[in-house]
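Have a look at the structure below, then the notes.
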Protein chains: 2
Amino acid sequence: MRANYKLQRLFIDAPLAADAMVETSREQAHYLTHVLRMREGAEVLLFNGRDGEWYAELAEAGRKSVRLRVTRQARPQTPVPDLLYCFAPLKKGRLDYLVQKAVEMGAGCLQPVITQHTQVAKAATARLEANVMEAAEQCGILAIPAVREPVRLDSLLEGWEPDRRLIFCDEDAATNNPMQALSGIKERKIGLLVGPEGGFSDAERAQLRARPFVTAIPLGPRILRADTAAVAALAVIQATVGDWG
Amino acid sequence: MRANYKLQRLFIDAPLAADAMVETSREQAHYLTHVLRMREGAEVLLFNGRDGEWYAELAEAGRKSVRLRVTRQARPQTPVPDLLYCFAPLKKGRLDYLVQKAVEMGAGCLQPVITQHTQVAKAATARLEANVMEAAEQCGILAIPAVREPVRLDSLLEGWEPDRRLIFCDEDAATNNPMQALSGIKERKIGLLVGPEGGFSDAERAQLRARPFVTAIPLGPRILRADTAAVAALAVIQATVGDWG
């Protein structure tokens, strides 16, 4: 759970291998040399989403970019978790949080979904991707989750892979405990659908429950905000049918 | 999970019973009459932390306060969950979030704990209490968690009730899955200890593990930020030994 790396960790979109020379973006260069005041020889960690994590040394600090010499591998690449995270976009601050938390908790792919009570019609993909990257940099993630274009709920269900179990949080479930429903899941491919602050409409809940690939889970006796429900659902899913096992 | 009540929900520090007349604070009066533009006869929900939740009607709107007539009970009082939530204070924004989420997830009492790597020496109790109240108002909580004064970790452990199981999140656990450790817990009184962003020191972890009332749990293979770990831990605890059962 230690989120503070001793070394600064940077995403670099270039091949990483021993002795490779790579160049930072202008923003990264500014951050390394002006904010962190790093000098030549200083060590950082690099990842690119495909070659694992590497140590690198600051080789040359220019005004517009910094050149880094890749030295040795810190960790091998890990696969993207096969967990499709479907969510109704929330308002800005909470949406940033929702996306960062999903990445920390092991979402493999992020799918914005427009539902009836969704208050935010457009979720800027670039902003979602920036939040994915921030969480990946800070939390030691090696495989960077993809962000898909928003779809409507009915399209999502129409195009759903039949061998992927879709879990959704249902405030009208008969019990309070999600464990029984989760323990019955046989699929290894999982999706989670988190609704908007206003919840799903009755018609949407009926539509979801009618699909053979859908499992509804409760999350206790209290009302949870959508972003809290998201983290709580990811925790119980990962601990039962996900990659904490 | 529906967080948006149709009716405005207010905390009122006065006895609630049928036909009682109660008065709002100045801030609440402003919010009801100027922000929500409520008129006489409009309906709200009231709670005071001890008499359950009640419907009330706006009876008289003055400039400094609004008088409300309590009509009928909406829900009976529920007890405070017996879950002691111990946490190292984080920086402001994240601390607000941490406290609100803890209340939503069923913490019964909040205990700030100063650890070696805690970056925030003082957690203003008034601010913590304001966050508790905000979460309680928004999330339909009836029993309001108490906020204790900060203590040092060693004092917390010295004064610990021996029949309360203390769970802490340990990044150095041997497995990734918390379920096995949680399933071994027999106590009904539970405490959760969430560390600071920098984690616990080695000495603190050793000190915790040496206590017979402590259970260390892992939370998966990824690094989690402290506030994410808190919600994830509360979810798996509530689903196994807490009040989701």
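Reminder, nothing fancy here: chain letters follow the sequence lines and each chain counts from 1.
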I'd like to check the side-chain contact (heavy atoms from CB on, under 4.5 Å) partners of B:Thr175; sequence neighbours left out, ordered by chain and number.
B:Pro218
Please list, chain by chain and in numerical order, all residues satisfying side-chain contact (heavy atoms from CB on, under 4.5 Å) with A:Arg209, sequence neighbours excluded.
A:Phe168, A:Asp170, A:Ala216
Would you find more than 12 non-hydrogen atoms of other residues, nucleotides or ligands less than 6.0 Å from A:Arg50 atom CZ?
yes
What do you reckon, is CZ of B:Arg152 surrounded by more than 12 foreign heavy atoms closer than 6.0 Å?
no
How long is the gap from CD on A:Gln238 to CE on B:Met179, to the nearest 0.5 Å?
12.0 Å
So how far is it from A:Trp244 CH2 to B:Ile217 CD1, rounded to the nearest 0.5 Å?
8.0 Å
Quick check on the structure: residues of residues 98-111 of chain A within a heavy-atom distance below 4.5 Å of chain B, by number.
A:Gln100, A:Lys101, A:Val103, A:Glu104, A:Met105, A:Gly106
Taking only residues at least two apart or on different chains, which pairs with a member in residues 182-195 of chain B satisfy side chain to side chain donor-acceptor pair (under 3.5 Å)?
B:Glu161-B:Lys189, B:Asp163-B:Lys189, B:Arg165-B:Glu187
Working for side-chain contact (heavy atoms from CB on, under 4.5 Å), residues A:Arg225 and B:Cys139:
CA-CA 7 Å; A:Arg225 296 196 69 146; B:Cys139 294; 3.8 Å; yes
Tell me which of these, A:Asn176, A:Val236, A:Thr228, has more heavy-atom pairs under 4.5 Å with chain B than the rest.
A:Thr228
